[in-house]
Amino acid sequence: MDQTTNRKVARLIESRVCMTIRSYRGNLLVVTHTIDAGWIPNGNEPGIEGHVQALKEYLASTGRPEADPFLLRLALTVPGRQRGVVPPVKALELNGNGFTDRRKQEAAGQIDRLNEVLSLARRFLSGLSTDTSQALRQLADIAVAPADKASSDWLDQIQSLSTEESGKVSAIALQCLENIARPVHELGVDLLESLACFRFEPLGSDICRLLRTKGIFWLASLYRDAGESEANALLDLLEEANDTLAINHLLLCVAWTRSNIAVERFRDWSQQSPSWASLLHVPPADYLPSAGWCLNANGELHDLISMNCHRLQPADRAGPDAIRCFIPCRQKCPGCESPTVVLFDFTTIQAELPENAPVKVYCCLYCSMFEPTFVRYFLDQSWEWLPSEATNPRTFDFVIKPRNVSLVMEKCPPFASEKVFELDDATAIGGVPMWLQDAEYPHCPTCGNWMTFLAQHDNSAVQNEGIFYAFFCPSCKMSAVNYQQT
Ligand SMILES: [Zn+2]
Ligand SMILES: [Zn+2]
């Protein structure tokens, strides 16, 4: 491993660690304020040594012994700060109700939080002071500093790693999984999720075997294309599982292996329901779309996504390859009488579209928020609303603002949207949908099959909530649009 690789990987992980440190901002600012106000006892004051001893005993009895004198003395100020007592240690005096178990619990809680962030920082940040109070001040500075814009696009960073660099990242991630400190462990899982979702190649069976032995089954897409033997091992665990949550997670993991054995087993289960299926709300085969596929009529793997995935990014003016979005039409929605909208006009990139996909995706934005809206389209680009029972007119309050986005022609890994909330703008064509709730692939109203995902519009890109998802049925030439928000 050469120096450049090591440095690049260290910087990458450091930027991720700083992001986690920002989530401890509140705790860290309380610390610096308490230090600056001169409220932390130096230990020689009457009664303080006794309180430190009592807190030490409490921590030891609850299985988290603490020896750091600064953290212990700092923690003594927590109950007083929470009650607005000045100086805070006064709250531990008997006429301030003393150092009760409840107050020891409050003090211990702050020690836990600070130890979490310290263990993460000590593991990954170079130049951190060995003095606890100095180190916490350094971390507070990081927590309030604005996020580094250049390193904000995590997808680009992970995608552009060389094979050697990504190997180094996964090796560090696996070391993190051995660490009992919560944020270090979480960083390990986060790094592996990032590699699984933001790169074309899967994590591989060796890493998946380790995840399985550690009982890590979420995100299920960590097990993408994990291979036949790993799929078999997950199936063995499924046979032994006896609670609904474990069965849920394992079914999803097996689905994500996208393996022959998974296809075979889901086919068997659709013919004969397994004993554990009674614990589920839906048949096992309904778990498959979450992994981007389903079984076709012959019981074979049928992809519900296109592996040809591109992110769609904003363009100031309509260039030759611009895709227009949210174009209002004269025709009214038969359900609510609000204007029909072209959610996507893919005219400029027809060659990129999957076979038989609609060039223009029509929908009612308003009705799509409640249930999928279906439109039949024809090859001459004419279209018609699917006859449906008329619903009551609704008040239309969604602001339609036409916009242009231009297609970024660099391929995006098709599973990028599995890492929800990671992308500033998840607007994309192809790949998996970024579900903000459970996966909701609509059924084609004509043939009854699951519809294929085409594209999604992330409304946060236009200061609105939620995501619109577009689907189509290539055999029936039916399109559907639905919507989710957090
Ligand atoms: Zn409508
Ligand atoms: Zn159909």
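When a ligand or atom number is given, it counts from 1 through the structure's own listing order. Computed from heavy atoms alone, side chains included, the values below leave out hydrogens, waters and symmetry copies.
Considering P339, S368, C363, C367 in turn, C367 is the only one that fulfils the side-chain contact (heavy atoms from CB on, under 4.5 Å) rule with C333.
With 3.5 Å as the limit, one finds a donor-acceptor pair spanning the side chains of S382 and D380. At a cut-off of 3.5 Å, with distance as the only test, no side-chain donor of Q313 or D425 sits close to an acceptor on the other residue.
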- Go through D345 and T347 one step at a time and tell me if the side-chain hydrogen bond (donor to acceptor under 3.5 Å, both in side chains) criterion holds. CA-CA 6 Å; D345 179 349; T347 307; 2.3 Å; yes
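We find that D303 and R258 are joined by a salt bridge, their nearest charged nitrogen and carboxylate oxygen being less than 4.0 Å apart.
Among protein atoms, those of element N, O or S found less than 2.8 Å away from the Zn ion (ligand 2) are C444 SG, C447 SG, C473 SG, C476 SG.
The main-chain N or O of R212 is found under 3.5 Å from a side-chain atom of Y223 such that the two form a donor-acceptor pair.
Note: angle at the Zn ion (ligand 1), from SG of C367 to SG of C333, is 110° (rounded to 10 degrees).
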